[in-house]
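Following: one structure in structure tokens, then a few remarks.
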Amino acid sequence: MRDHTKEKAMAGPRPVVMSGPSGAGKSTLLKKLLKEFDGVFGFSVSHTTRSPRPGEEDGKDYHYVTREVMQADVAKGEFLENAEFSGNMYGTSKAAVQAVQAKNLICILDIDMQGVKNIKRTDLNPIYVSIQPPSMETLEKRLRDRKTESEESLQKRLHAAKVDMEISKEPGLFDVLIINDDLDLAYGKLKDALLEEIQKVRDTNNS
Ligand SMILES: Nc1nc2c(ncn2[C@@H]2O[C@H](COP(=O)(O)OP(=O)(O)O)[C@@H](O)[C@H]2O)c(=O)[nH]1
Ligand SMILES: Nc1ncnc2c1ncn2[C@@H]1O[C@H](COP(=O)(O)OP(=O)(O)O)[C@@H](O)[C@H]1O
């Protein structure tokens, strides 16, 4: 029998899933990575029903859609995975991942814990990275200082964070666990974890 998992994995670089509680620093870390390694990584732009925050761009940070549109597209089978988080729908479309992989880039997915569990059932075969805050107190402070959430949204995120931090301890769920205390140290650890894949892309794209 042919080994399709291997075939897929050999088709291009392995994607990277970044997960962890809201406020742990996923966006901050992945934006640094995309900036430093331009032409190596590409971001999988998710769909969401939440409103854009100031500074966020449609088609860059997310595709902002209504629940009706998103539900219809999910029903049509256009999504690799989707989840409900803090009262909104989020999902990775197949097209979002294909757009990055078509350029032979390492596709980065920023997804929640439900997304991680659902991606495990696909043949994407990514490297799973968990970004965790040093403590609940630090997480709450960072989320408050970010000033993007209402009190209600903040409380929902803190509740989801507690659940996320518990589930993250499950052995084998993640390949890499990074505690984002000092940003530069955390970023260094992330780069170390991805160095082999980065080198592969550079070798392939330069040859
Ligand atoms: N399952 C899934 N989760 C997603 C997706 N896009 C974003 N998320 C997650 O949804 C959560 C909320 O994201 P967001 O509203 O941007 O808030 P933030 O994490 O506080 O910056 C985070 O845990 C994201 O990782 C997606 O396509 N699928
Ligand atoms: N190591 C760090 N030290 C201090 N503040 C941080 C650190 N990492 C991220 N932050 C800040 O914490 C907030 C949450 O980070 P963000 O990247 O938005 O998290 P996430 O994408 O996981 O929700 C942001 O305001 C960000 O600037």
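Counting from 1, the numbers follow the sequence of the chain as shown. Order of appearance sets the numbers: ligands from 1, and atoms from 1 within every ligand.
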For [atom], grab the closest protein heavy atom and report residue, atom and distance to one decimal in Å.
atom: atom 14 (C) of ligand 2; result: Gly23 O, 3.6 Å
atom: atom 20 (O) of ligand 1; result: Ser22 OG, 2.5 Å
atom: atom 16 (O) of ligand 1; result: Tyr62 OH, 2.6 Å
atom: atom 8 (N) of ligand 2; result: Asn180 ND2, 3.0 Å
atom: atom 18 (O) of ligand 2; result: Arg146 NH1, 2.8 Å
atom: atom 9 (C) of ligand 2; result: Thr28 OG1, 3.7 Å

Is the closest basic N to carboxylate O distance between [X] and [Y] below 4.0 Å?
X: Glu56; Y: Arg50; answer: yes
X: Arg14; Y: Glu196; answer: no
X: Asp61; Y: Lys31; answer: yes
X: Lys156; Y: Glu152; answer: yes
X: Glu140; Y: Arg144; answer: yes
X: Glu78; Y: Lys94; answer: no

(Q) Walk me through whether Lys76 and Asp73 qualify under salt bridge (Lys or Arg N to Asp or Glu O under 4.0 Å). (A) CA-CA 5 Å; Lys76 279 188 256 171; Asp73 289 350; 3.2 Å; yes
Q. What's the spacing between Ile108 CD1 and Leu34 CG if we round to 0.5 Å?
A.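 Ile108 CD1 to Leu34 CG: 4.5 Å, rounded to 0.5 Å.
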Q: Mind checking the CG-CG spacing from Leu190 to Leu30? Nearest 0.5 Å is all I need.
A: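 Separation between the atoms: 8.5 Å.
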Counting heavy atoms only, name the option from [options] that's nearest to [atom].
atom: atom 6 (C) of ligand 2; options: Met18, Arg142, Arg144; result: Arg142
atom: atom 15 (O) of ligand 2; options: Pro134, Pro133, Gly25; result: Gly25
atom: atom 17 (O) of ligand 1; options: Glu81, Arg53, Arg50; result: Arg53

Q. For Glu81, which of Thr92, Thr122, Asn118 qualifies under side chain to side chain donor-acceptor pair (under 3.5 Å)?
A.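 Only one of Thr92, Thr122, Asn118 forms a side chain to side chain donor-acceptor pair (under 3.5 Å) with Glu81, namely Thr92.
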Q) Under 4.0 Å from any heavy atom of Ser22, which atoms of ligand 2 are there? A)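 Taking each heavy atom of Ser22 in turn, ligand 2 has 23 (O) under 4.0 Å.
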Q: Could you label the plane-to-plane angle of the His63 and His47 rings as parallel, tilted or perpendicular, counting under 30° as parallel and over 60° as perpendicular?
A: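 The rings of His63 and His47 sit tilted, inter-plane angle from 30° to 60°.
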Q. Is Asp181 in polar range of ligand 2, meaning some N or O pair under 3.5 Å apart?
A.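 Among all N and O atoms of Asp181, at least one is under 3.5 Å from an N or O of ligand 2.
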**Q.** Min N/O separation Ser27 to ligand 2 under 3.5 Å
**A.**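 Right, the criterion is met.
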Q.
Please check whether His47 reaches ligand 1 - meaning an N/O of the residue sits under 3.5 Å from an N/O of the ligand, judged on distance alone.
A.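 N/O-N/O distance below 3.5 Å does not exist for this pair.
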(Q) Evaluate Asp110 for polar contact with ligand 1, using N/O atom pairs at a separation under 3.5 Å. (A)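 Checking ligand 1 against Asp110, an N or O pair does fall under 3.5 Å apart.
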Q: Specify side chain, backbone, both or neither for Arg146, according to which of its non-hydrogen atoms lie closer than 4.0 Å to ligand 1.
A: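 Within the 4.0 Å criterion, Arg146 contacts ligand 1 through side-chain atoms alone.
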Q: Record the part of Lys26 in heavy-atom contact with ligand 1 below 4.0 Å; permitted values are side chain, backbone, both and neither.
A: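 For Lys26, the contact with ligand 1 is made by the side chain alone.
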(Q) With a 4.0 Å cut-off on heavy atoms, is Gln114 in contact with ligand 1? (A)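 Heavy atoms of Gln114 never come under 4.0 Å of ligand 1.
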Q.
Counting only heavy atoms closer than 4.0 Å, does ligand 2 sit against the backbone of Ala186, its side chain, both, or neither?
A.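 It is neither part, as no heavy atom is under 4.0 Å.
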Q. Counting from 1, what ligand 1 atoms have a heavy atom of Phe85 closer than 4.0 Å?
A.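 Near Phe85, the atoms of ligand 1 are 11 (C), 12 (C).
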